[in-house]
Each structure stands twice: as C-alpha cells, then as structure tokens.
S.K.: 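Got a structure for you, written out below as structure tokens; questions coming shortly.
Below, read A as the first sequence line, B as the second, and so on, with proteins coming before strands; counting in each chain starts at 1. The shown structure was predicted, so the numbers you read here are calculated from the model rather than taken from an experiment.
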Amino acid sequence: MQNKGKINGNQLIEIGYPEGKVIGIALEVIQKEYSLMEPDEVLDIMKNVLASPSDFLNDLKTSFIAEELLKPNKKDEIIELLPSPRLYKIYGKEGIEAGAIKQMDTAMRLPVSIAGALMPDAHQGYGLPIGGVLATRNTVIPYGVGVDIGCRMCMSIFDIPAGYVETGKGDLMKMLVNNTMFGRATFKKPKDHEIISNPLFSEIEILRGLKERAYAQLGSSGGGNHFVEFGIVEVVDSNNEWNIAPGKYLSLLSHSGSRGMGATIANYYTKLAMETCKLPQEAKHLAWLDLDTEAGQEYWLAMNLAGDYASACHHQIHERMAIGLRTNPVAMIENHHNFAWKEKDEKGNDVIVHRKGATPAGKGVLGIIPGSMTAPGYVVRGKGDEASVNSASHGAGRAMSRTQAKNTLKPETVKQQLQKAGVELIGSGLDEAPMAYKDIRTVMEAQKDLVEVVGVFLPKIVRMCGDEKFQEVD
DNA sequence: ATGTCC
C-alpha cells in the first residue's frame, strides 16, 4: 500500500478529535512513529488514546497526544464579558443609530478593553462599530481595525490659485480620468514602489500569495466611498505648520485603502482569532489576538504593511497629479482612519488603540475629515482630548444605508444638487450622493472639543468608482 | 471595504 501511515487532520476530527493543537501533535506523532502502519490500524490506536488518554500517559509513542487531550480545553471555553460596559464617551449621541451604541457597549464589556469612545459619525459594522475607538491591553482585534486596513486620507495643497479648478477644469478632469483607477481597473504598468520589495511579502505565509495582486493594484483607488478629487482648500489658520499664507488654494484630496491585500489579511486573521478566542454570540466578531503569540505578531506586521501599502497608493496618486500640474505640493496632510496603534494611556502604560473609522487626534496631530461631494471637508489639528482616546470622526457618517439611497434618491435630484454646488462628478453611484450623508457641520460641532479647524476644503471635480445605472441617466 | 461568492 502506498498510503501507509497517511492520515490527515480531518480524519482525526471524524473519529472525534477536538479541533485545535492536539490535531497537530497527533499528526506529528503519526508521521514520526506510525508511518509504516496501515491507516486503519493507526486510526484504531488514535481512537484508543482518545477514549482513555490517562492510560497512555506513559506510552512512549502517544504520551504527548494523551497529555494534550487531558489539558482543560481552553479553545471551547467561552470568554465571559463584563456584566456592564466600562464607561466611555459618545460624541453627538443624538445623531447615532442605536445599533452602533449597542455594539460599542459590547466592545466595552470585553475583559481586554481599557478605554473607548464613539465618534459622532458612528454607525453599525462588524464587531466594533464604524466610528468606534477602543483601547486594549497587549491584544489586537482584527475587526477592531476593520476590513479595509489602512483606509486613509491624503491631501496635497498646491501653490496654484483656487480659480484654476474652473479655468483648468478640462485638464484636471483629463488628469483624473487618465491617471486614477477605480474598482477592477488597474494600471497596465504600475509604477515601482519599494513597498513591493518588503521582505515580509515572503516571510509571512498569508502575504506570499498577496504580493502579485498588490503590485497590480498599486496606485489604484477601489470602490464604494473611495474618491480622488480636486477642490479648493481655504487655509484659515495663519499659524499653520507649513507657513502658508491664509487663503484659497488648489488642492487634491484622496480617500482609499489597502485594496484586496488588506481585506484578505483582515479576514484571514479574524477567522484565526475567532478560532482561538471564543466570545459570546454578540461579541464574536471582536475576537482578539494576543500580541505575544505568533499569530498576533504576524497580524501586527501584516497590518502595518497593509497600512504602508495604502499610503504608497495615495502617494502614487498624488505624484501622478503633481506631474500633471508640473509642480510639487507646498503641503501634504495624511492619516489612517482604519488602523491600530501602540500608544500610551494617561498613566503612561502601553495600550493598543483601535480606530475603526476614526481620525487620530492627539494634541497637535493633523488629520483630514471629509464631508460629502458637495459638503466641506476639514483639515484638522487634534486637541488631545483624553475622553475621546485622542480621536475624532472620519467623516460625516451615513444618513441613509446604501440600499435606502439607491431605492429612494432620484438621479435628477442628485445632479441638480451637484450643479448647484458647482461640482463635476466622474463615476459614483446614487449610494454616495450627498443626501446619503449626515450634515458634516453638525458632526464638527459635536467634536469641537476634539479638533480645531486648520483648513476647509470644498470638492469641485470628483472621481469615484463608476456605476452604470447612475451613469445611464444622462 | 473586498480579484464585490470558495
């Protein structure tokens, strides 16, 4: 027989072995000790060990399996939540849906949670709500970061008069159409970037299979609420970081993340976390990885790589536009809003701060909070408010779900609003219409203790992922 | 958000 000793994990599970570490140990023992035996005989031995492990504790061959079987099975133990959530602050509570608050309550009942806050643009997500901020001790929650790891904003301010968005409109539109890629579209020949030669792409198993597509998608933008847009930024703070005179300038703003790479990493490690960290039903998507484990360290490295990759994509977008404009920006501002950071709490202890749809707003930290296609976005400087865990919103937040927007909004109404606001739109669907978003001014009012406004941005030429149904109506 | 369903 050519398959002597060949047993796989599934066969062990079939005869009743619990999923987990013991499978690996048993397979190792089988390979080492029973490789010449018929599979059926091996399975019989394995059955006997399983039926009465204590009888095999002194067996030379199977004692390791027996020991593992006798260990209290931590894998199936459901970790208890605290009876009530730790206190946390909600900003702009009146505008936040109940489901998001419920999800944040659940997150604040995790035994690993230390602090948290809910931003005024919050809405329901998987695990941590979008707009949720959560500080934990030495653990990282993949769905506390979100699927689009490193989703971020980037703004370039050019020393070009604001009037150019009108006088140069045709050229700017061409630059967007020819030099940005959305959805499935990618560049025929992506620009090289050092991120692709990062050794982690060969050192971490899950990343090996992601390198090729990451290269193919380099410099692209994705779909949904991602955009690249030209607009006018008014710098309102004379005491700004770049010594720019207050006034209006041509500006480029982009919003996108880590494409397929981050999504694959997020889903892979969430699944892994859910296998090792069993939580009650309502909290199961908040499964965490201990940063002292191999999986936790791998996720941390992979997450950071995905963040750097997302940043690289933005930089290439901005580089292409700067080439088109034949000038370099006088200022660049950028920030992740789906990410986890190692920070210090007020006592100086290390904490892991997850921001899932939240802008870092430590004291003096610059960030960008976009509004909608027709509403202003803001360049902000964090005030370092402790209660917010040094955070602010990452946008206005949705007022309508995507389906609701698609079903109720009329293309003509949206077009009228765009026209009124003087906004030229390339691509997009009805679900990204301005009316689908909350009023950003109300959201900013709710977080005035968290950030101060450095500049106000108005979108003028917006490119998003296309939507045929919306496009047809011309 | 996502080679938009392994």
S.K.: If you look only at pairs with a residue in residues 367-387 of chain A, which of them pass as a salt bridge (charged side-chain N to carboxylate O under 4.0 Å, His left out), with sequence neighbours excluded?
M.R.: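 Residue pairs with at least one partner in residues 367-387 of chain A: Asp237(A)-Arg381(A), Glu241(A)-Arg381(A), Arg381(A)-Glu452(A).
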S.K.: Quick one: side chain to side chain donor-acceptor pair (under 3.5 Å) partners of Ser113(A), sequence neighbours excluded?
M.R.: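 So Ser113(A) forms no side chain to side chain donor-acceptor pair (under 3.5 Å) with any residue.
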S.K.: For nucleotides 4-6 of chain B, give me every protein contact, N/O to N/O, under 3.5 Å, one pair per line with atom names.
M.R.:
none

S.K.: Strictly by side-chain hydrogen bond (donor to acceptor under 3.5 Å, both in side chains), give each pair with a member in residues 93-112 of chain A just once, sequence neighbours left out.
M.R.: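 For residues 93-112 of chain A: Tyr88(A)-Asp105(A).
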S.K.: By the side-chain hydrogen bond (donor to acceptor under 3.5 Å, both in side chains) test, which pairs, at least two apart or in different chains, include something from residues 351-377 of chain A?
M.R.: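 Only Glu343(A)-Arg355(A), Arg355(A)-Ser391(A), Thr374(A)-Gln417(A) qualify under side-chain hydrogen bond (donor to acceptor under 3.5 Å, both in side chains).
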S.K.: Mind checking Gly222(A) for me? I need base, sugar-phosphate or nothing, with any heavy atom below 4.0 Å counting as a touch.
M.R.: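 Result for Gly222(A) = sugar-phosphate.
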S.K.: Over all strands shown, is Gly262(A) touching base, sugar-phosphate only, or nothing at heavy-atom distances under 4.0 angstrom?
M.R.: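 Gly262(A): no heavy atom of the nucleic acid under 4.0 Å.
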S.K.: Could I get the full list of side chain to side chain donor-acceptor pair (under 3.5 Å) partners for Thr270(A), not counting sequence neighbours?
M.R.: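 For Thr270(A) there are no side chain to side chain donor-acceptor pair (under 3.5 Å) partners, ignoring immediate neighbours.
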S.K.: Looking at residues 209-221 of chain A, who's got a heavy atom less than 4.0 Å off DNA chain B?
M.R.: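 Those residues whose heavy atoms fall under 4.0 Å from DNA chain B, taken from residues 209-221 of chain A in numerical order, are Arg213(A), Gln217(A).
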S.K.: Verify the distance criterion only: is there a donor paired with an acceptor across the side chains of Ser221(A) and His226(A) at less than 3.5 Å?
M.R.: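 Looking only at side-chain atoms, His226(A) and Ser221(A) do not form any donor-acceptor pair under 3.5 Å.
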S.K.: Run the side-chain donor-acceptor check on residues 181-194 of chain A: report pairs under 3.5 Å with partners two or more places apart or on a different chain.
M.R.:
{"residue": "His193(A)", "atom": "ND1", "partner": "Ile195(A)", "partner atom": "N", "Å": "3.0"}

S.K.: Mind checking what makes ring-ring contact (aromatic ring centres under 6.0 Å, His included) contact with Tyr269(A), not counting sequence neighbours?
M.R.: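 Listed in chain order: Tyr299(A).
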